[in-house]
Amino acid sequence: MRSQFSGDALVHEAERLGPIHVTTGFEAGAIEVAGVGDGGDIRVSLAADPISGDVQWFFFRVSGIAGRTARIVVENSGRVSRLEGREQVPDCWTGYRPFRSRDGQDWVRCDALYEDGTLTIPVPPGADTLWFAYYPPFPMARHTAMLGRALANPRARLEVLGQTPDGHDLELLRIGTPERGKPKVWLMGRQHPSETMAGYFIEGLLGRLLDPADALGRHLAETCDLFVIPTVNPDGCRRGHTRTNARGMNLNRAWADPDPERAPEVVLIRDRMRAEGVDFCLDAHGDEELPYVFLGGPLEIPSRTARLSGLFETYARAMERACPAYRLADPYPGGAPATADLRMAWNWVAEEFDCLSVLLEMPFKDTHRQPDPEMGWSPARCAAFGWATLEAIAAVAGSLR
Ligand SMILES: [Zn+2]
């Protein structure tokens, strides 16, 4: 043990260390503390979403750790549920590296060990306070600032579709002047709150779409009628849920027949879509297991057609050219389902509107196409993918009908 002189008294460092605090009393904070040992072991459990019991997301602050050899032990990390057909894919914690921040703003990846169903994150010496998160949070203040920047552009305007169960606005950003014949392009993110990469993706996409110096962005803003819902589930995002809204509903399992009590967000968006029409839709998500960017097309819906398959192929090939981090050859694990699940937005929209509807899944870990040993699939790469996505939309915008 290190020691130091204080006047004439020898003061042992351990004796003057205060208690370690683990807190989640801020937006999107989520973890349950099981106990803090004298040796610096901080034992925690992932917090479960209401009703569904989904676990994955964590975001917490640890203070009082200077001078200690602390580590965080996530005791229930072995309890995450696996998706069907993923037996050949490593689970979400294998090869995963968490994020750490000294100020709650700037994030770096850190090492972790996953063994026998327990994730252990060593705490580096030096700092007294650190934040830890499953992926860098995308706070609602950042969502609001993103809308504010967009609304400075005369092409953009805001619609409030209605209120969420927690009393927040469900916001739709409209871009472009509606005209007969213009394709109606819908973009959505964060049905699943923990998949914050969708926020960074839409931030990058909007940045290009509304940059007056970017010819492609300007072209699309002039020739399309755009409907952007960056945060479909603002309650879940604020509460720090993994997949559900305030009523415990996984919104991406509600689209076929949404219950107005449990999934009012989906009712509001579906009504608006039916009033306006949809010619293209993209729904942005994150995948905790896949080591690559994945796109799903309207290939398994009951009313699938060669026209829709051809449009998806054109879109995916254009995406490959625009961003080599994506490859059409990276498959849906276990093979695509024989019949589409119409409870999912991507499938319901394609079936309802006979249109090209795309599911985007970005990795929480990294892409094996262009790995980044330091940051993995980072927020900056999400934003760059959003920027590049405009090229794929441009490739199909003239032939959606
Ligand atoms: Zn998702």
Side-chain angles (χ1 to χ4, degrees), residues 28 30 46 48-59 80-86 89 91-93 96 133-138 143 186-203 205 228-256 258 263 265-266 269 281-298 326 330 332-334 336-337 340-350 357-365 367 377 379 381-382 385-386 389:
L46 302 167
D49 283 358
I51 299 177
S52 76
D54 283 313
V55 291
Q56 198 92 58
W57 176 253
F58 60 83
F59 178 28
V80 290
S81 54
R82 302 293 311 272
L83 293 168
E84 279 176 44
R86 296 282 184 98
V89 181
D91 67 18
C92 63
W93 303 119
Y96 165 76
Y134 185 44
Y135 200 79
F138 191 89
H143 159 101
W186 289 74
L187 305 162
M188 298 192 290
R190 300 199 75 190
Q191 289 202 73
H192 293 149
S194 60
E195 297 160 16
T196 57
M197 50 279 286
Y200 295 105
F201 166 82
I202 288 185
E203 195 176 66
L205 186 151
V228 187
I229 308 174
T231 310
V232 170
N233 183 359
D235 293 355
C237 292
R238 284 186 170 87
R239 286 171 172 234
H241 288 181
T242 290
R243 289 194 188 86
T244 73
N245 70 353
R247 301 254 160 91
M249 186 70 207
N250 178 341
L251 295 180
N252 206 29
R253 297 294 184 276
W255 286 74
E265 299 92 339
V266 175
I269 298 170
C281 184
L282 184 147
D283 186 23
H285 289 258
D287 189 289
E288 60 272 25
E289 294 173 345
L290 301 183
Y292 46 78
V293 177
F294 170 77
L295 295 180
Y326 167 70
D330 285 331
Y332 196 92
D341 184 344
L342 296 179
R343 299 174 307 160
M344 299 166 86
W346 139 69
N347 288 321
W348 180 83
V349 168
S357 177
V358 175
L359 169 75
L360 164 64
E361 296 278 5
M362 289 169 282
F364 277 91
K365 297 174 185 173
T367 169
W377 186 260
R381 298 182 84 179
C382 299
F385 200 81
T389 289

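One-based numbering along the sequence shown. In each ligand, atom 1 is the first atom listed, and ligand 1 is the first ligand listed.
Distance check, rounded to the nearest 0.5 Å: CZ of F59 to OH of Y135 gives 14.5 Å.
Ring-plane geometry between W377 and F385 is classed as perpendicular, the angle between the planes exceeding 60 degrees on a 0 to 90 degree scale with a lower cut at 30. Aromatic ring pairs are classed by plane angle as parallel below 30°, tilted from 30° to 60° and perpendicular above 60°; the pair H285 and H192 is perpendicular.
Neighbouring protein atoms of the Zn ion (ligand 1) (N, O or S, distance under 2.8 Å, waters ignored): H192 ND1, E195 OE1, E195 OE2, H285 ND1.
Partners of D283 by salt bridge (charged side-chain N to carboxylate O under 4.0 Å, His left out), not counting sequence neighbours: none found.
Partner R243 forms a side-chain hydrogen bond (donor to acceptor under 3.5 Å, both in side chains) with one of D49, D54, N233 and no other, that one being D54.
A salt bridge is absent between R190 and E203: the closest approach of a Lys/Arg side-chain nitrogen to an acidic carboxylate oxygen does not fall below 4.0 angstrom.
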